[in-house]
2 protein chains.
Amino acid sequence: MRASDKAYAALREDIIEWRLAPGTVLAEVEQSERLGVSRTPVREALSRLTAEGLTTAAGGRGVVVTDISLEDIDELFELRETLEGKAAALAAERGERPVFARLHAELLRAPEMLNDSDPARHDYYALVGRLDEAIDEAISNSYLAQAMRSLRVHLVRVRRLAADDAERLHAAAAEHAAIAEAIAAGNPRLAEAATTLHLHRSLSHVKATHTPH
Amino acid sequence: MRASDKAYAALREDIIEWRLAPGTVLAEVEQSERLGVSRTPVREALSRLTAEGLTTAAGGRGVVVTDISLEDIDELFELRETLEGKAAALAAERGERPVFARLHAELLRAPEMLNDSDPARHDYYALVGRLDEAIDEAISNSYLAQAMRSLRVHLVRVRRLAADDAERLHAAAAEHAAIAEAIAAGNPRLAEAATTLHLHRSLSHVKATHTPH
DNA sequence: GATGCCCTTAGTGTATACATAAACCGCGAT
DNA sequence: ATCGCGGTTTATGTATACACTAAGGGCATC
């Protein structure tokens, strides 16, 4: 593995896992010492992070970790709804139906995964990730897929704030199942509607979590 | 101006203006000699270009200029329709109406700009660019604006292929005027519809230009 | 004659030295 | 006491030397 990949992966993890808080200044020398590589790969890593929007170049004086506020979440979901709604509709038109029928069946059994033996919900998130990948592949539009991928980075950051509880995950699984079902049925408008519904519920949940009572 | 900015701007120009054809391998040493800077800023420039999608990392052996084929154009416009349609609708909801009313009036007078005294259509494209900027600002959604900006880079490349004739530009100006009018009227669905129409016509024109008779 | 291995070479990946610019601190003057 | 100027310091920006990897060609062997 290249040193620049290592630096990139490490910094990205640290930002997504909120070990590097928004506003933190990432100085090249400091990070190169912390990560045990020279400045060159660190620079490359910071370039990539800035291109992704996880960091911002702060006028000549290092890069800072991008802030994510509640207003950002609204904007983020506005774009997400647009892109994923379209993607779901396209997947319903172009996708391999058996693939989504199988995912639908698996998602219906998702509640079994949400027992307490897996606190990180690893299997559950992996399954949802497979649905995302299946949609990415089904749409056969690399530009749209790319746009969604760059969005998901920010969404993972938001998810870390949301503290999903078992109840919400059960509901989300059912919503994902509905999306998969609509795609498997080859119904674009239904797939888009199911996606819209899911995203609205997700957003409401995140905002409810962070609204003072 | 920093050397890396210079290298980035030069390479970007060369790619967009088709002086560097798709598939061209951009070797670091070669480009650093051509541009008169050292390898480091060239690397930085190539990083940025790759992040934008204008170049692709070719497995350790330099980066190559990304290809743009007719299938890519379909994908590109599919995403463009999604993003710009949503953007026009949001602008109609949130924009300052007088701004778009003024742009509407200017676009109606656009045919006057399309005389032969300005073969590059500089004023015309500047006006259309101002409409794009006004929409970007009106939507107040930095993520959506960012997604559209990264799309426009590829669209400029396509436009260079299209060889817009005066007739098409007249029609396009009228379509843009319709978009501005709908936004000025605060009608989101109309704005989206006008955008959809404009993009379909643009796409048809590009494809007609490149379809063998 | 064809195939496989080795050597050469060219190009990227990394480290580091040097240049340069901006910010901060301290000192002085008003 | 505050404002401004200048020096110092610390960061990034650039250049370059070195390492390493992969690809291509040539030679030898089957």
Side-chain angles (χ1 to χ4, degrees), chain A residues 1-16 18-67 146 149-150 153, chain B residues 1-16 18-67 146 149-150 153:
Chain A
M1 186 189 232
R2 296 184 306 179
S4 61
D5 290 339
K6 178 187 164 192
Y8 170 72
L11 284 169
R12 196 185 137 116
E13 269 270 314
D14 286 342
I15 294 172
I16 289 177
W18 290 78
R19 289 190 290 265
L20 289 172
T24 306
V25 177
L26 302 178
E28 291 179 8
V29 282
E30 171 196 348
Q31 295 302 318
S32 69
E33 285 167 10
R34 185 171 77 92
L35 301 171
V37 296
S38 85
R39 278 180 58 208
T40 308
V42 170
R43 277 179 77 82
E44 158 119 19
L46 292 176
S47 274
R48 282 206 258 170
L49 292 170
T50 301
E52 277 184 305
L54 287 177
T55 57
T56 315
R61 211 57 167 196
V63 303
V64 299
V65 178
T66 307
D67 189 34
Q146 176 58 33
R149 261 194 297 276
S150 63
V153 182
Chain B
M1 187 190 231
R2 294 183 307 179
S4 62
D5 290 338
K6 178 187 164 191
Y8 169 73
L11 285 169
R12 198 187 137 130
E13 268 271 312
D14 287 341
I15 294 173
I16 289 177
W18 290 79
R19 288 190 292 265
L20 289 171
T24 307
V25 176
L26 302 178
E28 292 179 5
V29 282
E30 172 196 349
Q31 294 303 317
S32 69
E33 284 165 11
R34 185 172 76 94
L35 301 171
V37 296
S38 83
R39 278 181 57 208
T40 308
V42 170
R43 278 179 76 81
E44 157 119 19
L46 292 176
S47 273
R48 282 205 258 170
L49 292 169
T50 302
E52 276 183 306
L54 287 177
T55 57
T56 316
R61 215 58 169 194
V63 304
V64 299
V65 178
T66 307
D67 188 35
Q146 176 57 36
R149 262 193 298 274
S150 63
V153 182

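Chain letters run A, B, ... following the sequence lines, proteins first and then strands; every chain starts at 1. For clarity, every value in this text was computed on a predicted model and none was experimentally measured.
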For Thr40(A) and Val63(A), take the nucleotide of DNA chain D holding the closest heavy atom to each; which residue's nucleotide lies nearer the 5' end? Val63(A)
To the side chain of Pro41(A), which of dG13(C), dT14(D), dA15(C) is closest? dA15(C)
Does any part of the side chain of Arg43(A), heavy atoms only, come nearer than 4.5 Å to the side chain of Thr40(A), both counted from C-beta? no
Expressed as a whole number of angstroms, how long is the span from Glu33(B):CD to dT16(D):P? 11 Å
Is there side-chain contact between Gln31(B) and Val63(B), with heavy atoms separated by less than 4.5 Å? no
Could you check whether any side-chain heavy atom of Arg12(B) comes within less than 4.5 Å of a side-chain heavy atom of Arg48(B), counting everything from C-beta outward? no
Atom-pair distance (CZ on Arg2(B); C1' on dG13(D)), nearest Å: 8 Å
Rounded to whole Å, please give me the gap between NZ in Lys6(B) and P in dT14(D). 11 Å
Measure from CG on Asp5(B) to C1' on dT12(D) and round the result to the nearest Å. 13 Å
Which nucleotide, dA15(D), dG13(C), dC18(C), lies nearest any side-chain atom of Arg39(A)? dC18(C)
Tell me: CD of Glu44(B) to C1' of dG13(C), nearest whole Å? 16 Å
Please state how far atom OH in Tyr8(A) lies from atom P in dG13(C), giving the value in whole angstrom units. 16 Å
Contact under 4.0 Å: Ser4(B) side-chain N or O vs dT14(D) OP1/OP2: yes
Distance test, side-chain N/O of Arg43(B) to OP1/OP2 of dG13(C), below 4.0 Å: yes
Looking only at heavy atoms, what is the nearest atom pair of Ala45(A) and Leu11(A), with distance? CB-CD1, 4.2 Å
Picking from dT12(C), dT14(D), dT14(C), the nucleotide nearest the side-chain atoms of Ala27(B) would be dT12(C)
Rounded off to whole Å, could you give me the CD-to-P distance for the Glu28(A) and dC18(C) pair? 18 Å
Using whole Å, what does the distance between atom P of nucleotide dT21(D) and atom CE of Met1(A) come to? 16 Å
Any Glu44(A) side-chain heavy atom under 4.5 Å of Ser47(B) side chain: yes
